[in-house]
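To start, the structure under review is shown below, and the notes come after it.
Since the model is a prediction, treat every value here as computed from it, not as a measurement.
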Amino acid sequence: MSATAVQAQDSIQESVTAVEQDVPFLSLPPLMLAAIALTVIVLALLIATVVMLFRLFIPMMGDSIYDEDFRSSFAGKVLFLTQGDVTLVTGKAKDEIHSHHDFDGIEEYDNDLPPWWKTMFYVTIVFAVGYLLYFHVFDSGLLQHEEYELEMQQAALFAAKADNDPNAVTNFEVLTDATALEGGKSIFMTNCAACHGQEAQGSVGPNLTDEYWLHGGDVNDIFKTVKFGVASKGMVPWQGKLSKDQILEVSSYILSLQGSNPANAKEPQGEKFEPKAK
């Protein structure tokens with residue numbers, strides 16, 4: 001593995017470790033806690049100031065608050081919103097018919113768009129400009145395909161930590177002692193013979209005594225097939241039901257049956273397995 005690849009993997013590992021750690025709120029740096037507290041205080045003061053200004057100046061205006069100029073201003077709309085006038089939210093209904101907008105007797109009023117809708121429209125424009133600068137001009141953020149690749153790399157690291165990664169490399173050796181093979185035979189008769197036959201000659205499942213294999217004929221290939229199963233072929237996974245030692249025993253027992261030529265053996269399936277020279 002190259003030095004660059006090692007550094008990239010270490011970087012990913014650090015990011016995974018950072019994700020795994022949950023930092024309590026009160027354990028955040030004091031400077032960050034102070035900034036959050038200051039922000040809350042400033043927002044509270046702003047709200048209090050606006051409320052006080054309304055309570056101070058509105059009575060001083062008297063009946064002038066009902067003037068059309070004031071009512072059409074933002075402050076007037078906010079004030080009358082508290083009294084049930086929703087013009088600030090819905091816009092002003094002009095009750096004017098658009099000219100030349102008559103279709104089968106259906107006419108359209110020339111009313112304002114709701115202010116909240118126009119505000120959100122302007123917000124989306126500002127957001128789009130910020131998005132463009134952040135992701136495509138300054139390259140400060142990860143695009144979707146980059147996030148996907150990073151998450152896949154992190155998932156691979158998580159899977160490698162677990163004992164349930166079907167892609168993890170294993171280096172089991174075939175068991176040859178009589179006790180292990182006898183244990184493997186007992187497991188085979190109890191769990192495997194129903195599909196593969198009492199002599200592994202094949203039935204619903206394939207023949208396990210010839211040189212042809214659907215998923216590899218090495219002990220590590222057989223171990224993974226037994227452990228994780230093959231859902232598309234109806235082979236159930238035996239992890240959780242058999243221990244690692246039991247799976248290795250039954251895998252070794254299956255290999256001990258190679259060339260036994262049982263009667264009524266099922267025709268070969270898959271590819272011929274050529275053991276690698278050691």
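- Between D210 and Q269 the shortest side-chain heavy-atom distance does not fall below 4.5 Å.
- The local environment of CG in D177 is crowded, with over 12 non-hydrogen atoms from other residues, nucleotides or ligands closer than 6.0 Å.
- Looking at heavy atoms from C-beta onward, T170 lies out of side-chain contact with V219 at the 4.5 angstrom threshold.
- Tracing side-chain contacts under 4.5 Å through hydrophobic residues (I, L, V, M, F, W, Y), one never reaches L132 starting from F135; they form parts of separate clusters.
- Counting non-hydrogen atoms of other residues, nucleotides and ligands closer than 6.0 Å to CE of M189 gives a total above 12.
- Heavy atoms only, all atoms of each residue included: G216 and I222 are closest at O-CG1, 4.0 Å.
- Counting only heavy atoms from C-beta outward, the side chains of H215 and M235 never approach each other to under 4.5 Å.
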Check against side-chain contact (heavy atoms from CB on, under 4.5 Å), Y253 and E182:
CA-CA 8 Å; Y253 171 72; E182 190 61 33; over 6 Å; no
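- Distance check: D221 CG to L214 CG gives 12.0 Å after rounding to the nearest 0.5 Å.
- A distance of 4.5 Å separates NZ of K272 from CD of E211, quoted to the nearest 0.5 Å.
- No side-chain heavy atom of W238 sits under 4.5 Å from any side-chain heavy atom of I187.
- Note that CD of Q144 is 10.5 Å distant from CD of E151, once rounded to the nearest 0.5 Å.
- Across A200 and F188, no two heavy atoms sit closer than the pair CB-CZ, 3.7 Å.
- Using modelled atom types, one side-chain atom of Q258 and one backbone atom of L208 make a donor-acceptor pair closer than 3.5 Å.
- Taking all atoms of both residues into account, the shortest heavy-atom contact from I247 to L242 is CG1-CB, 3.8 Å.
- In plain terms, the two heavy atoms of F172 and K244 that are nearest each other are CZ-CD, 4.0 Å.
- With a 6.0 Å radius and a threshold of 12 heavy atoms from other residues, nucleotides or ligands, L31 has its CG atom at or below the threshold.
- With hydrogens and angles disregarded, no donor-acceptor distance shorter than 3.5 Å links the side chain of H196 to the backbone of Q201.
- For the atom pair OG1 (T225) and CG (N220), the distance works out to 10.5 Å, reported to the nearest 0.5 Å.
- The main-chain N or O of G183 is never found under 3.5 Å from a side-chain atom of S186 such that the two would form a donor-acceptor pair.
- Across every non-hydrogen atom of G270 and Y212, the tightest pair is O-CD2, 3.8 Å.
- Within a 6.0 Å radius of CD in E147, more than 12 heavy atoms belonging to other residues, nucleotides or ligands are found.
- Taking OG of S251 as the start and NZ of K224 as the end, the distance is 12.0 Å to the nearest 0.5 Å.
- Two residues are said to be in side-chain contact when any heavy atoms from C-beta on lie closer than 4.5 Å; L248 and L175 meet this criterion.
- L43 and M32 fall into different hydrophobic clusters, where Ile, Leu, Val, Met, Phe, Trp and Tyr side chains are chained together by heavy-atom contacts under 4.5 Å.
- Residue L143 is not grouped with residue L150 when hydrophobic side chains (ILVMFWY) are merged at heavy-atom distances under 4.5 angstrom, including chains of intermediate members.
- Closest approach of C192 and V250 over heavy atoms only: SG-CG2, 4.3 Å.
- Both W117 and Y122 sit in one connected hydrophobic cluster of ILVMFWY residues. Membership requires side-chain heavy atoms under 4.5 Å apart, directly or through other members.
- To the nearest 0.5 Å, atoms CG (L133) and OH (Y131) are separated by 12.5 Å.
- For Y148, the ring-ring contact (aromatic ring centres under 6.0 Å, His included) test picks out no residue, with sequence neighbours left out.
- A continuous path of ILVMFWY side-chain contacts below 4.5 Å connects V129 to V137, so both sit in one hydrophobic cluster.
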